[in-house]
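Presented below is the structure to which this report refers.
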Amino acid sequence: MPELPEVETIAHGVDRRVRGRRIEQVWFTSHRQPFKTPAAKQARELEGRVLLAVHRTGKHIVCELGRAGEEAAGRKRSGTAAAQWIVHLGMTGRLLVCAPDAPLEPHTHARLGLSGGRELRFVDPRRFGRLEFRDLGSAAGFAAPGAEPLTIDDGEFAALFRGRRLPIKAALLNQTLLAGVGNIYADESLFRAGIRPRRAAGRLTRAELERLRTGLVEVLQAAIRLGGSSVSDYVDAEGARGFFQLEHCVYRRTGQPCRSCGMAIRRIVVGGRGTHYCPQCQR
DNA sequence: CATTTCACCTGGTGGC
DNA sequence: TGCCACCAGGTGAAAT
């Protein structure tokens, strides 16, 4: 479900609600699929640690953790992290902060009981999400392989696609090139830049690449401002929907008139993913 | 190596 | 109402 703007919204919301809290109890209610680190090890490692900060890297949510037994840091200060809990939401994952007596939703795989009486819950019907624990004493901190779309400059952006023959749409989705772009924002940024999704990535002109980077940054920032896109069931850390789906120009608008020229939006398949574009505005 | 396809899961929707 | 095909915000392994 979530791409960069949705993950950013969730990470920020979780951070505000859990920063400085201690993880007092851990329940992992599923023992297959979502655990990149074995469930028992995660449960053992998480218990007693303080949540220092929560932030986004690519599509990953990174929870910075203090040492077990460390003093709760309070809401403002954040000490040096000793470990990380890394959450990837896959297609349908949700990370929620709620009251401990809130009804337990189906497919709740993890519950962290926090000091101050709230719970952090991981819910994921399709189980494409992943939970990982990292001890920073023995492993490096999490780093997404791809570049951050919000901060990369035009030169680096152009270099990502040089010599590549795959469709630009598929290249945008490749997380080892850019971290955080998914199906919605790939389609929306290509519309803003006036570029057909099937164009070979390495064949785009310098001017087109600049329009693409600018369009991508603008669409991601606009989506973050509106709390992300709620296409079906996406909600943020407190269960609120986003509103950027109302601003989509092409994504899931097959057959509807282009907001710019009125021509019917077309749907094709590129790289195995549903892809939407305006045949008039995108060349 | 670069690129494409498919499997992994469950649930919602729309046609008949 | 029921059944079925198709669709889905992601990724990584296997095949080409």
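- The nearest whole Å value for the distance from the CD atom in Glu105(A) to the P atom in dG11(B) is 13 Å.
- Close to dT10(B), at under 4.0 Å from its OP1 or OP2, lies a side-chain N or O of Arg127(A).
- Residue-level contact check: Pro167(A) touches the backbone only, with heavy atoms under 4.0 Å from sugar-phosphate atoms and none from bases.
- Put simply, Phe128(A) rests on the base of dC8(B): the two rings are less than 5.5 Å apart at their centres and nearly parallel, under 30°.
- For the OP1/OP2 pair of dG12(C) and a distance below 4.0 Å, the side-chain nitrogens and oxygens of Arg130(A) include no atom meeting the criterion.
- One interatomic measurement links the two molecules: CZ of Arg126(A) to P of dG9(C), which rounds to 8 Å at whole-angstrom precision.
- Put simply, CD on Gln245(A) is 17 Å from P on dA8(C), counting in whole angstrom units.
- Phosphate proximity of dG10(C) to Lys59(A): present, with a side-chain N or O under 4.0 Å from OP1 or OP2.
- Side-chain contact between Pro2(A) and Lys59(A) is absent, with no heavy atoms from C-beta onward closer than 4.5 Å.
- Looking only at side-chain heavy atoms (C-beta outward), Arg16(A) and Val54(A) stay at 4.5 Å or farther from each other.
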Dot-bracket notation for DNA chain C, counting Watson-Crick and G-U pairs under 3.5 Å, with | for partners on another strand: .|||||||.|||||||
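- Residues Phe244(A) and Tyr185(A) form a side-chain contact, since some pair of their non-hydrogen atoms from C-beta on lies under 4.5 Å apart.
- In this model, the phosphate group of dG11(B) is approached by a side-chain N or O of His107(A) to a distance below 4.0 Å at OP1 or OP2.
- When all heavy atoms of His248(A) and Arg259(A) are compared, the closest pair comes out as O-NH2, 2.7 Å.
- No N or O donor and acceptor, one from the side chain of Arg164(A) and one from the base of dA2(B), sit under 3.5 Å apart.
- Between His88(A) and dT11(C) there is a side-chain N or O to OP1 or OP2 distance below 4.0 Å.
- Contacts of His60(A) classified as ring pair (Phe, Tyr, Trp, His ring centres under 6.0 Å), with partners at least two apart in sequence or in another chain: His88(A), Phe142(A).
- Between the P atom of dC7(C) and the CD1 atom of Ile268(A) lies a distance of 14 Å, rounded to the nearest Å.
- Side-chain N/O atoms of Gln175(A) include one lying less than 4.0 angstrom from OP1 or OP2 on dT11(C).
- At dG9(C), one or more side-chain N or O atoms of Tyr251(A) fall inside 4.0 Å of OP1 or OP2 (strictly under the cut-off).
- Among pairs with a residue in residues 235-246 of chain A, those fulfilling salt bridge (Lys or Arg N to Asp or Glu O under 4.0 Å) read Arg17(A)-Glu238(A), at least two apart in sequence or across chains.
- Using C1' as the reference atom, dG9(C) and dT3(B) are 23 Å apart when rounded to the nearest Å.
- Within the 4.5 Å cutoff, no side-chain heavy atoms of Val14(A) are placed close to those of Leu51(A).
- Regarding Asp124(A), its CG atom lies at a distance of 17 Å from the P atom of dC8(B), rounded to whole Å.
- If you check dT4(B), dA8(C), dG9(C) against the side chain of Arg267(A), the one that comes closest is dA8(C).
- The CG-C1' distance, from Leu4(A) to dG9(C), rounds to 13 Å in whole Å.
- Rounded to an integer number of Å, the gap from CZ of Arg273(A) to C1' of dT3(B) is 16 Å.
- Which of dG11(B), dT3(B), dG9(C) sits closest to the side chain of Leu166(A) comes down to dT3(B).
- For the pair Leu173(A) CG and dG9(C) C1', the computed distance is 11 Å after rounding to whole Å.
- Leu212(A) is listed as a side-chain neighbour of Leu172(A), based on a closest heavy-atom distance under 4.5 Å.
- As judged by a 4.0 angstrom heavy-atom cut-off over every strand, Gly182(A) is placed among residues touching the sugar-phosphate backbone only.
- Taking 4.0 Å as the cut-off between side-chain N and carboxylate O, Arg134(A) and Glu45(A) do not count as a salt-bridged pair.
- The side chain of Arg165(A) contributes no N or O atom lying less than 4.0 Å from OP1 or OP2 of dT4(B).
- Taking atom P in both dC7(C) and dT5(B), the straight-line distance is 16 Å, to the nearest Å.
- Residue Pro125(A) has its side chain nearest to dG11(B) when only dG11(B), dG9(C), dT4(B) are considered.
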